[in-house]
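Reading through the structure tokens given below for one structure.
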Amino acid sequence: MTAKNVSVRLLLVLLFFVSPAAPLLNGGGVARAASREPVRAAHGMVASTSRLASQVGVDVLKRGGNAVDAAIAVAFALAVTYPAAGNLGGGGFMMIRLRDGRTTAIDYREMAPAAANHDVYLDATGQPKKGEGGSLVGYRASGVPGTVAGMELALKKYGSGRLTWAQLVEPARRLAAEGFALPYGLARSLKGNAKELGAYPESQKVYLKGGQFFGEGEVWRQPELAATFARLQRSGPREFYEGRTAQLIAEDMRAHDGLITLEDMKNYVAKERVPLHTTYRGYEVISMPPPSSGGAVLIEMLNILEGFDLRHMGANSSERYHVETEAMRRAFADRAEYMGDADFVSVPVAGLIDKSYAESLRKGIKMERASTSAEVKAGRPAGAESEDTTHFTVVDAEGNCVSNTYTLNDSFGSKVVMKGTGILMNDEMDDFAAKPGTPNAYGLIQGERNSVAPRKRPLSAMTPTFVLRPDGSLWFAVGSPGGPTIINTVLQVITNVIDFDMNIQQAIDAPRIHHQWLPDEIAYEPFGMSADTFRALEARGHRLVAKPRYMGDAQGIMIEEKTGVRLGASDPRNYGEPVGY
Ligand code: DON
């Protein structure tokens, strides 16, 4: 250590203890002191919520696969090792940034079956149906799954060409066939969801040992899922949509009054979309366009916050939470009014992410007092949603990067396994507004633009994101589950890094808050807010609610500027682990 370094450190330590300006220097950083170092690797890194799946990805990288190849293998592996959210029966978004700077977004969100219409989830009295028949559980809750088509598209266009489809499916098939020792987190989650899963014999067979519990450390096999993977290997991805797997899904749906038909399976299409961009304090932020609301809402909030000196306020200060809340309130009000599948309805994205629009919204924010959501309606932009989802991030040796969030919506989706396939289906139809203006499972109010229609994609909050350095090189990539809290988790990770100089692990560890316009309340995590901060926010007129659960499960990778070392960080809120080489 140089003499200069020593004296700078000494000064910082002294200032920390004696200066009222300490928050300026340490960002108020309890979280910083409590964070472990990110996992370091020279070549490639996979950060996911399952160590087994991260390892699958790294093995692909070591065999010469690129980040996209690895991401595909990770996505399939998570369908086996993290069944609450990893899937074949769901959908999601894959953001890709190639080493040459090109970015793209693969949209493999579920599509509504042809039989789904505006009022499909309303009962005779016009109220959203609960239980079987509704949009949350059972055979009618699923959209047509997009994961297989999304992986097919990603491989065709952006795979390295060095590994085949069948090779990338193989680790998942093997994990399903040979089984693996149940990690504690998964054993606990199977037990925690036993009641719902137990209601469906096929699900009970797969996840509950036919009525008993699989215990921690027990080897857990999924033979029918393994056979499904084997069919996908033999016949290719279209098998899922046109072959035996599609037939099995359609037959089981028909037998149980489900909505999805063989025709719906055949008609599923994954799409490539153009990512949304903005800059935040000089750093480029690239995120997911519709049918996710994630990118647009994230950018609207960053644009609003750019006008405040967050660094000066301090990381855990009531001032920071106040202005973030006000930004969240406004952007989520716009989400409710303006957002839906842009293939079906007009979404004023350009207006929503416009910096001058953010400036006009910023003017309505008072430092001394909370707004109320009753007074904050959607603005006038020009032209006009734990463990229930999962995110993973991959960086390869060449510098290609994938930021992928995919889901079954709720934990274990619709809870229904399709007979003979081992495939658990999503309940993504609940991301539509079953009855516009009435809250969904996440309490989100959504508008007519997000009503149900055949072949439409439900609006998502998933926010796979990249942040670049001013020279255009990749700085970090991140994303998270958490329903609507996803967008705010990504927002807070980004501001933690940019405004408070946290490394990727610190930025992910730090406590989070959430506000989504309605209900008009700030949600905070267990032990996530000091009593003083709580009172200071209350004094401004905010209502605060303690959440019993932590928010999100972020998975990020940062590139160390001087060395190019990949820094992997998994959220301490769940059991994930980055693996690098
Ligand atoms: O697409 C969405 O926004 C939701 N289906 C995500 C659900 C989710 O993150 C649940 N996780 N806690």
Side-chain angles (χ1 to χ4, degrees), residues 49 78 82-87 89-95 105 107-112 135-137 141-147 150 185 189 192-193 196 287-298 331-332 335-336 339-341 385-392 404-415 424-434 439-446 450 452 456-465 478-490 512 514 516 523 525 547-555 571 573-576:
T49 201
L78 283 167
Y82 195 73
N87 66 80
F93 305 118
M94 183 186 286
M95 295 271 308
D107 164 9
Y108 58 99
R109 181 75 164 165
E110 296 89 333
M111 290 169 69
S135 59
L136 270 174
V137 289
S142 304
V144 183
T147 298
S189 131
N193 287 278
E196 293 84 358
S287 194
M288 190 68 209
S292 183
S293 61
V297 173
L298 172 70
F332 273 82
R335 180 191 193 277
M339 300 210 68
D341 181 350
E385 80 224 71
S386 79
E387 63 169 19
D388 325 10
T389 293
T390 194
H391 182 86
F392 59 86
N404 186 100
T405 317
Y406 78 151
T407 187
L408 293 165
N409 191 27
D410 285 296
S411 214
F412 297 92
S414 66
K415 321 290 191 255
L424 185 62
M425 296 295 284
N426 68 82
D427 66 325
E428 221 70 66
M429 296 298 281
D430 194 64
D431 277 353
F432 281 119
N440 74 353
Y442 299 106
L444 276 176
I445 304 283
Q446 316 193 83
N450 188 30
V452 190
K456 195 175 171 185
R457 299 176 193 238
L459 184 62
S460 173
M462 293 187 285
T463 315
T465 298
V478 72
S480 176
T485 69
I486 293 173
I487 317 176
N488 291 335
T489 290
V490 173
R512 297 175 188 142
H514 173 71
Q516 59 180 41
E525 300 183 298
K547 287 284 158 184
R549 289 178 56 186
Y550 293 97
M551 291 172 204
D553 179 14
Q555 306 290 333
D571 207 314
R573 292 165 180 80
N574 209 350
Y575 298 91

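Both ligands and their constituent atoms are indexed starting at 1 by order of listing. FYI, the numbering just counts along the sequence from 1.
Contact annotation: for Tyr442 versus ligand 1, heavy atoms closer than 4.0 Å belong to the side chain alone. Contacts between Asp388 and ligand 1 below 4.0 angstrom, taking non-hydrogen atoms only, involve backbone and side chain alike. Neither the backbone nor the side chain of Arg457 has any atom closer than 4.0 Å to an atom of ligand 1 (non-hydrogen atoms only).
Under the side chain to side chain donor-acceptor pair (under 3.5 Å) criterion, Thr147 pairs with Asn87, sequence neighbours left out. The side chain to side chain donor-acceptor pair (under 3.5 Å) check on Gln516 picks up His514, with sequence neighbours excluded.
Below 3.5 Å of separation, one finds an N or O of Ser460 facing an N or O of ligand 1. Checking only distances, Thr407 never comes within under 3.5 Å of ligand 1, N or O to N or O. Below 3.5 Å of separation, one finds no N or O of Ile486 facing any N or O of ligand 1.
In this model, a donor atom of one side chain and an acceptor atom of the other lie less than 3.5 Å apart for Tyr108 and Asn404.
Close approach to Met462 involves these atoms of ligand 1, each under 4.0 Å from a residue heavy atom: 1 (O), 3 (O).
With Asn409 contributing its side chain and Glu428 its backbone, the two residues share no donor-acceptor pair below 3.5 Å.
Taking the side chain as every heavy atom from C-beta outward, Asp431 and Tyr442 approach each other to under 4.5 Å.
Using a 4.0 Å cut-off between charged nitrogen and carboxylate oxygen, Asp341 and Arg109 do not count as a salt-bridge pair.
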